[in-house]
Participant: 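Can you keep this structure in mind? I'll have questions shortly.
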Amino acid sequence: MKIGAPKETFEGENRVAMTPESALQLQKLGHECVIETKAGERAGFSDKAYKDAGVEVVKTAAALWKAADVVAKVREPDANEMKRLRDGQTLISFFNPGANEKKMKSAADKGATVIAMEMVPRISRAQKMDALSSMANIAGYRAVIEAGNNFGRFFTGQVTAAGKVPPAKVLVIGAGVAGLAAIGTSTSLGAITYAFDVRPEVAEQIESMGAEFVFLEFEESAQDSAATGGYAAPSSPEFREKQLEKFREMAPEMDIVICTALIPNREAPELWTEDMVKAMKPGSVIVDLAAEKGGNCKLTVKDEKIVTDNDVTIIGYTDFPSRMATQSSTLYSNNIRHMMADLTPEKDGKIVHDMEDDVIRGATVTHAKEVTFPPPPPKVAAIATVPKEKPKELTPEEKKAQEVAAFKAQTKQQFTLLGIGGVLILLAGLYTPASFMQHFIVFVLAVFVGFQVIWGVAHSLHTPLMAVTNAISSIIILGALIQIGSSSAIITILSMLAVALAAVNIFGGFLVTRRMLAMFQKS
């Protein structure tokens, strides 16, 4: 089948749904590729690069829509593009199905199949096709860069001969993909970063990236993110008030606020109110990644940058991924390519639209002349867990009795082993020479003392302890060297073998020690 990518018609959109690299991968699946002339120019991909990759370049969008069996786009199709859809054709694109009922019905009536990339379910198997996450990752990174471009100071603190510069304080609201990308970028630039999310389970992720998680003193049962498609669930009014109270407390201290709280097919919640903006310091910056759905900040203006009366810059751009078109196109085209790989299981260029597949079914909004949106929840097999019974609390008397019983059992076991060992040594003494018994008793005592010493060491210290004490193997080498001159060939061979093995033990021990110490040394 032919897969085509037209030039995006949305004003200011620089991305393209097919790159020369992704086209090569699509051809390995048995497909032919076609692209509209100059479709990838704004993303840094020339027509020549496509031709070199074996892609057919057509002059007009009409010619592409007519030639392609599968059309891959970035933005949702406009009215003219919807008219070009035909029976049996497949469209893969962002589609915003929750707000495009008429377009879905039009596509279904024509017999076209529409796969909405924002509807790819958030399950492990579908991560390679998760275009929302790919674009959100870029948006989170770009948001911090855009904030830095409008912020009048360094992110990191500096002490120079000219004076001291304090580090910037950044608050990231929402720790989804975009939020985590913003946190990573902010901390890497040296800012003091705070982050908030309604899901307490993301606290460890935030702290592992060097940011501080903003906790709320509020008891509310956390909803499993899996039950909400991997997104945060809407909060109760009481929780929201507590949340706003915390933000009001933090507003005067924050230099930069990155708002990322957004759930697909819903309006963005208002989290940064007008009074919070007024409380911020002059020169502060707010970047609202939820501007397309109304914005998390009350004063955000979609697709614009405004400056308030108290000199706070509010950025409401909705094209952050498009501002990094080369990177965005590369990631998005890979998402498309992985989707096509699932649709072409035999790699023979023939699409098999399996509506029993969770990923394909979840992303499909029209198929076989029917509107299939909204999809059923993914059939993720739940693991049945039996709640563990809480162990019964023991009284002090019961605990003491338990400890005494354990001590008695341990003592009995030790005396039994000692008794057996004593009997064995006595038997050995009756039937072996006196010289053997002298060495044997020293050996037994060494084993006993060594065992007691090692047994008392924590398991986590066994490796370094063994690495250092392996040097004691030099004693074995000395003994073996003395025996090498023996008249017995067997003794000589055993002595040489002992020298070789002990040498490996010694050098290996010191090598392990050196490598372990190197793990804690700064390069």
Side-chain angles (χ1 to χ4, degrees), residues 96 98-99 118 132 136 139-140 143-144 146-147 150 169-183 186 193-200 202 206 213-218 220 222-223 225 228-281 284-320:
N96 191 18
E118 66 265 58
L132 276 180
V144 177
E146 204 71 40
N150 288 273
K169 291 185 177 180
V170 179
L171 172 63
V172 179
I173 301 176
V177 177
L180 291 174
I183 292 166
S186 176
T193 308
Y194 302 87
F196 173 83
D197 197 281
V198 297
R199 299 164 294 177
V202 303
I206 290 169
F213 184 69
V214 178
F215 285 95
L216 289 185
E217 296 295 332
F218 187 85
E220 181 176 86
Q223 186 170 353
S225 59
T228 56
Y231 298 94
S235 305
S236 66
E238 295 79 12
F239 183 88
R240 185 175 180 278
E241 287 304 314
K242 195 73 177 180
Q243 180 179 319
L244 295 179
E245 182 183 329
K246 186 67 176 180
F247 290 161
R248 286 190 181 95
E249 179 185 326
M250 299 180 70
E253 299 297 321
M254 294 300 110
D255 297 304
I256 295 171
V257 177
I258 311 289
C259 301
T260 73
L262 184 63
I263 301 174
N265 300 316
R266 291 184 184 173
E267 287 299 309
E270 184 184 316
L271 302 175
W272 205 259
T273 58
E274 187 173 353
D275 61 304
M276 295 177 197
V277 177
K278 291 180 179 179
M280 295 179 74
K281 294 176 287 189
S284 300
V285 179
I286 299 171
V287 181
D288 196 341
L289 292 180
E292 194 165 5
K293 294 292 184 179
N296 294 140
C297 177
K298 176 69 175 177
L299 302 181
T300 297
V301 179
K302 182 180 175 182
D303 293 321
E304 291 186 20
K305 179 179 76 173
I306 64 169
V307 180
T308 64
D309 294 338
N310 61 323
D311 197 27
V312 174
T313 302
I314 303 175
I315 299 171
Y317 301 149
T318 60
D319 62 344
F320 287 113

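Model, not experiment: these values are computed from the prediction.
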Participant: Keeping Asn150 on the side-chain end and Glu146 on the backbone end, is there a donor-acceptor pair under 3.5 Å?
Facilitator: yes
Participant: Where is the tightest heavy-atom contact between Thr300 and Ala291, given as atom of each residue plus distance?
Facilitator: CG2-CB, 3.8 Å
Participant: Write down the atom of Ala268, the atom of Ala290, and the distance for their closest heavy-atom approach.
Facilitator: CB-CB, 3.7 Å
Participant: Taking all non-hydrogen atoms of both residues into account, name the closest pair between Val277 and Asn310 and its distance.
Facilitator: O-ND2, 3.0 Å
Participant: Go through it in stages, so that I can follow the logic: the residues are Val287 and Cys259, the test is side-chain contact (heavy atoms from CB on, under 4.5 Å), and I'd like the CA-CA distance, side-chain angles, deciding distance and then a yes or no.
Facilitator: CA-CA 6 Å; Val287 181; Cys259 301; over 6 Å; no
Participant: Please walk me through it: do Gln243 and Phe196 pass side-chain contact (heavy atoms from CB on, under 4.5 Å)?
Facilitator: CA-CA 9 Å; Gln243 180 179 319; Phe196 173 83; 3.6 Å; yes
Participant: Would you compute the distance between atom NZ of Lys278 and atom OG1 of Thr308 and round it to the nearest 0.5 angstrom?
Facilitator: 9.5 Å
Participant: If we only count heavy atoms from C-beta on, is the Val307 to Val312 side-chain gap below 4.5 Å?
Facilitator: no
Participant: With a 6.0 Å cut-off on ring centres, are Tyr194 and Phe213 close enough?
Facilitator: no
Participant: Inspect the contact between Glu238 and Lys242 and indicate whether a charged nitrogen and a carboxylate oxygen are less than 4.0 angstrom apart.
Facilitator: no
Participant: Determine the minimum heavy-atom distance between Ala251 and Trp272, stating which atoms define it.
Facilitator: CB-CZ2, 3.7 Å
Participant: Taking Glu304 for its side chain and Ile315 for its backbone only, find out whether a donor-acceptor pair lies under 3.5 Å.
Facilitator: no
Participant: With distance as the sole criterion, is a donor-acceptor pair present between the side chains of Asp255 and Ser284 under 3.5 Å?
Facilitator: no
Participant: List the atom of Thr193, the atom of Ser186, and the distance in Å for their closest heavy-atom pair.
Facilitator: OG1-OG, 2.8 Å
Participant: Just how far is it from atom CG of Asp288 to atom CD1 of Ile258, taken to the nearest 0.5 Å?
Facilitator: 10.0 Å
Participant: Counting N and O atoms only, with roles assigned by atom type, does the side chain of Arg240 sit under 3.5 Å from a partner on the main chain of Glu270, one being a donor and the other an acceptor?
Facilitator: yes
Participant: From Lys246 NZ over to Glu249 CD, what is the distance, rounded to the nearest 0.5 angstrom?
Facilitator: 4.5 Å
Participant: Could you check Thr313 against Lys305 for side-chain contact (heavy atoms from CB on, under 4.5 Å), going step by step and ending with a plain yes or no?
Facilitator: CA-CA 7 Å; Thr313 302; Lys305 179 179 76 173; 3.7 Å; yes
Participant: Looking at CG of Leu289 and OG1 of Thr260, how far apart are the two atoms once the value is rounded to the nearest 0.5 Å?
Facilitator: 6.5 Å
Participant: Passes side-chain contact (heavy atoms from CB on, under 4.5 Å), Glu274 versus Leu299? Steps please.
Facilitator: CA-CA 7 Å; Glu274 187 173 353; Leu299 302 181; 4.0 Å; yes
Participant: How about Phe247 and Ile173: do any of their side-chain heavy atoms sit closer than 4.5 Å?
Facilitator: yes
Participant: Distance check, rounded to the nearest 0.5 Å: Lys298 atom NZ versus Met276 atom CE?
Facilitator: 12.5 Å
Participant: Using 0.5 Å steps for rounding, measure from the CD atom of Glu292 to the CD atom of Glu267.
Facilitator: 10.5 Å
Participant: Within the side chain of Asn296, is there an N or O that forms a donor-acceptor pair under 3.5 Å with the backbone of Leu271?
Facilitator: no
Participant: Quick check: closest heavy atoms across Cys297 and Ile286, and the distance to 0.1 Å?
Facilitator: SG-CD1, 4.2 Å
